[in-house]
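Remember, predicted model here, so these are calculated numbers, not experimental data.
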There are 2 protein chains.
Amino acid sequence: MRWNELSEENCSMARAVSVIGDRWTLLILRDCFLRVRRFEDFQERLGITRPILASRLKKLVDEFVLVKVPYQKRPLRYEYRLTQKGLDLYPIVMAIVHWGDVYMADKKGRPLLHTHDLCGKDFDPVMVCSECGEPLVPRQTHVHPGPAATSSRHLPLGMDSPGARRIVKEKAAS
Amino acid sequence: MRWNELSEENCSMARAVSVIGDRWTLLILRDCFLRVRRFEDFQERLGITRPILASRLKKLVDEFVLVKVPYQKRPLRYEYRLTQKGLDLYPIVMAIVHWGDVYMADKKGRPLLHTHDLCGKDFDPVMVCSECGEPLVPRQTHVHPGPAATSSRHLPLGMDSPGARRIVKEKAAS
DNA sequence: CGCAGCAGGTTCAGTAATCAAACTGTCGAG
DNA sequence: CTCGACAGTTTGATTACTGAACCTGCTGCG
């Protein structure tokens, strides 16, 4: 499968990954949330090569995750700012940072702490259920087909997934 | 910067991205949470080439995100299961799926709905502050150096970041 | 026994993406 | 008129990914 074919898959994750599923893109987005906005600043902070940075920024602009806003004329220069679509990536970025803090930090602790202005405390992000507010645990959730469910691929062991075929076979054999 | 150098960066996000920051890896992990466990099943569902799948699974095992568990002897065969470290990627996966649902779904709606067994309802994941329980909004948070803060890179406009140098210059000029 | 089939990979040649470094173009300051 | 800042683009060499085929270890069938 080619990368651009990913965006046509009937799977929200595949479509999201076709936009943000790239190491450089994720690091660029982290910097966006740290209020980095200019080409040279991204380049110096990330150590990314200039052609790659240009291509990733272009893609994010094409996808409406970032907008180019002029911050001066003569010479006309633009900075990159998060749109609402981009700002809504915050949970993804925070979830990744938090996982890195827990599992990839060295002995000295975390390089960066996050403070919540509302309560004034340093926080960790916690993912909860929108309906009951309880923290989400993978074992306490399951999935079922939604309105746009068509393909059997990317459904969890749907009736014609390989796993299900195997299970059906195994049951038939017993 | 090379990919493997990423893991040495003093930044939790960079280190996490060195493990999971790859389109295929993210899709493999999604399937893990859908209880896909075998090489052939991953291969068929994802349409990934076999060498890449083998290399990604190996990397995830090396990083203790997955473990190989034998499910039969003669012939000895293994399946891939999430470790606790892998299970803790759930918020990342859910956040990506949710963003995809909101911004990348087609008119028909979502391909997949998630049900929370505790409350019995279909839910969206919401990221809240561990201290006060309020939903996290990027504008209501800020960062400051933690115990392991060393390099100025990857700090938000630290005193010797390019952005800060520019701001200092601009203030001095006024 | 001989051979097909399955699960889980590996090997190989060709194509695509990424790298470092240099180059372009516009402008303001000295 | 030269210098430096900014925001990229171009170039040639290196690295990663792709698709197809191949390999291994075992089982079940005739």
Side-chain angles (χ1 to χ4, degrees), chain A residues 1-6 17-18 21-28 31 36-62 66-81 162-163 165-167 169-170 173, chain B residues 1-6 17-18 21-28 31 36-62 66-81 161-170 172-173:
Chain A
M1 198 196 319
R2 283 275 131 62
W3 193 359
N4 30 359
E5 292 173 44
L6 253 190
V17 163
S18 75
D22 172 274
R23 43 181 178 291
W24 290 124
T25 302
L26 285 166
L27 293 172
I28 289 167
D31 271 9
V36 176
R37 295 189 172 130
R38 298 189 190 174
F39 192 92
E40 297 290 320
D41 293 347
F42 286 114
Q43 207 271 315
E44 182 172 338
R45 287 169 55 87
L46 297 175
I48 187 176
T49 65
R50 301 172 75 82
I52 300 287
L53 176 58
S55 79
R56 294 300 186 278
L57 288 173
K58 180 172 184 325
K59 173 149 206 191
L60 289 171
V61 170
D62 290 348
L66 299 178
V67 255
K68 285 175 83 161
V69 180
Y71 66 88
Q72 66 171 36
K73 318 180 195 156
R74 315 187 46 78
L76 186 55
R77 298 247 185 270
Y78 295 93
E79 59 184 18
Y80 295 89
R81 285 170 174 270
R165 277 204 298 276
R166 188 177 61 241
I167 288 163
K169 250 189 289 182
E170 282 162 5
Chain B
M1 199 195 322
R2 283 274 132 60
W3 194 1
N4 32 357
E5 293 173 43
L6 256 189
V17 163
S18 76
D22 172 274
R23 44 180 178 287
W24 291 123
T25 302
L26 286 166
L27 293 172
I28 289 167
D31 271 9
V36 176
R37 296 192 172 127
R38 298 190 190 173
F39 191 93
E40 298 290 320
D41 293 347
F42 286 115
Q43 207 270 315
E44 182 173 338
R45 286 168 56 86
L46 297 175
I48 186 176
T49 65
R50 300 171 76 81
I52 299 286
L53 176 58
S55 80
R56 293 300 186 276
L57 288 173
K58 181 174 183 322
K59 174 150 206 191
L60 289 171
V61 170
D62 290 347
L66 299 178
V67 256
K68 285 175 82 162
V69 180
Y71 65 88
Q72 66 172 36
K73 322 182 192 151
R74 315 189 49 78
L76 186 56
R77 299 250 183 268
Y78 296 94
E79 59 184 18
Y80 296 88
R81 285 170 172 269
S161 73
R165 278 206 296 279
R166 188 177 61 241
I167 288 162
V168 167
K169 250 190 290 183
E170 283 162 4

Colleague: What distance separates Thr49(B) OG1 from Trp24(B) CH2, expressed to the nearest 0.5 Å?
Modeller: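 Rounded to the nearest 0.5 Å, the OG1-CH2 separation comes out at 7.5 Å.
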Colleague: Need one value for Lys58(B): base, sugar-phosphate or nothing, where a base atom within 4.0 Å counts as base even if backbone is also close, heavy atoms only.
Modeller: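 Lys58(B): no heavy atom of the nucleic acid under 4.0 Å.
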Colleague: Any idea which heavy atoms bring Lys68(A) and Tyr80(A) closest together, and the distance?
Modeller: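 In terms of heavy atoms, the two residues are closest at CG-CE2, 3.4 Å.
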Colleague: Does dC19(C) have its OP1 or OP2 closer than 4.0 Å to a side-chain nitrogen or oxygen of Trp24(A)?
Modeller: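 Yes, because at least one side-chain N or O of Trp24(A) sits under 4.0 Å from OP1 or OP2 of dC19(C).
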Colleague: To the nearest Å, how far apart are Leu57(B) CG and dT10(C) P?
Modeller: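 From Leu57(B) CG to dT10(C) P: 10 Å.
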Colleague: Tell me what Phe42(A) touches on the nucleic acid: a base, only sugar-phosphate, or nothing, going by heavy atoms under 4.0 Å.
Modeller: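 Counting heavy atoms under 4.0 Å across all strands, no contact is made by Phe42(A).
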Colleague: Nearest to the side chain of Ile52(A) - dC6(D), dG9(C), dC19(C)?
Modeller: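 Closest of the options to the side chain of Ile52(A): dC19(C).
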Colleague: Tell me whether the count of non-hydrogen atoms from other residues, nucleotides or ligands lying under 6.0 Å of OH in Tyr78(B) goes above 12.
Modeller: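 Result for OH/Tyr78(B): open.
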Colleague: I need the minimum non-hydrogen distance between Pro70(A) and Leu76(A), along with the two atoms involved.
Modeller: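 Shortest heavy-atom separation between Pro70(A) and Leu76(A) comes out as CB-CD1, 4.0 Å.
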Colleague: Counting any heavy atom closer than 4.0 Å, what does Arg74(B) reach on the DNA or RNA strands: base, sugar-phosphate only, or nothing?
Modeller: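 Contact class for Arg74(B): sugar-phosphate only.
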Colleague: Considering just the side-chain nitrogens and oxygens of Tyr80(B), establish if one lies under 4.0 Å of OP1 or OP2 belonging to dG9(C).
Modeller: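 Yes, because at least one side-chain N or O of Tyr80(B) sits under 4.0 Å from OP1 or OP2 of dG9(C).
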Colleague: From CZ of Arg23(A) over to P of dT15(D), roughly how many Å is that when rounded to an integer?
Modeller: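 After rounding, the reported distance stands at 14 Å.
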Colleague: Has the side chain of Arg50(A) got a donor or acceptor that lies under 3.5 Å from a partner of the other kind on the base of dA7(D)?
Modeller: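 Yes, a donor-acceptor pair under 3.5 Å.
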Colleague: Does a side-chain N or O of Tyr78(B) approach OP1 or OP2 of dG25(D) to a distance below 4.0 Å, or not?
Modeller: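 No, Tyr78(B) has no side-chain N/O under 4.0 Å of OP1/OP2 on dG25(D).
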Colleague: Return the 5'-most residue of the pair Asp22(A), Pro75(A) with respect to DNA chain C, ranking by each residue's nearest nucleotide.
Modeller: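 Checking each residue's closest nucleotide, the 5'-ward one belongs to Asp22(A).
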Colleague: Does the side chain of Lys68(B) get closer than 4.0 angstrom to OP1 or OP2 of dA7(C) through an N or O atom?
Modeller: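 It does not, given that no N or O in the side chain of Lys68(B) lies less than 4.0 Å from OP1 or OP2 of dA7(C).
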Colleague: Just checking, Arg56(B) and Phe42(B): is the charged tip under 6.0 Å from the six-membered ring centre and within 45° of the axis?
Modeller: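 The answer is no; the distance or angle limit is not met.
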Colleague: Could you check which of dA7(C), dT26(C), dA7(D) has an atom nearest any side-chain atom of Tyr71(A)?
Modeller: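 So the nucleotide nearest the side chain must be dA7(D).
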Colleague: Rounded off to whole Å, could you give me the NZ-to-C1' distance for the Lys59(B) and dA16(D) pair?
Modeller: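 In whole Å, dA16(D) C1' and Lys59(B) NZ are 13 Å from each other.
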Colleague: Considering all heavy atoms of both residues, which atom of Tyr71(B) and which atom of Glu79(B) are nearest to each other, and what is their separation?
Modeller: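 Shortest heavy-atom contact: CD2-N, 3.6 Å.
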Colleague: Whole-Å distance between dG5(C) C1' and Glu40(B) CD?
Modeller: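 Going from Glu40(B) (CD) to dG5(C) (C1'), I get 12 Å.
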Colleague: Can you measure Leu76(A) atom CG to dG25(C) atom C1' for me and round it to whole angstrom units?
Modeller: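 Rounded to whole Å, this separation is 13 Å.
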Colleague: Give the nucleotide from the list dA7(D), dG9(C), dC19(C) with an atom nearest to the side chain of Phe39(B).
Modeller: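 That would be dG9(C).
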Colleague: Nearest to the side chain of Pro51(B), which nucleotide is it out of dC26(D), dT26(C), dT11(C)?
Modeller: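 Side chain of Pro51(B) sits closest to dT11(C).
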Colleague: So Arg56(A), base contact, sugar-phosphate only, or nothing? Heavy-atom distance under 4.0 Å.
Modeller: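 Touches sugar-phosphate only.
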Colleague: Roughly how many Å is it from CZ in Arg45(A) to P in dC6(D), rounded to a whole number?
Modeller: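 Roughly 15 Å, once rounded to whole Å.
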Colleague: Quick one: does Arg77(B) reach the base of dA7(C) with a side-chain donor-acceptor pair under 3.5 Å?
Modeller: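 Under the 3.5 Å cut-off, the side chain and the base do form a donor-acceptor pair.
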Colleague: Starting at CD of Gln43(A) and ending at P of dT9(D), how long is that distance when rounded to a whole Å?
Modeller: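 Result: 14 Å.
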Colleague: Roughly how many Å is it from NZ in Lys73(A) to P in dG25(C), rounded to a whole number?
Modeller: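 These atoms are roughly 25 Å apart.
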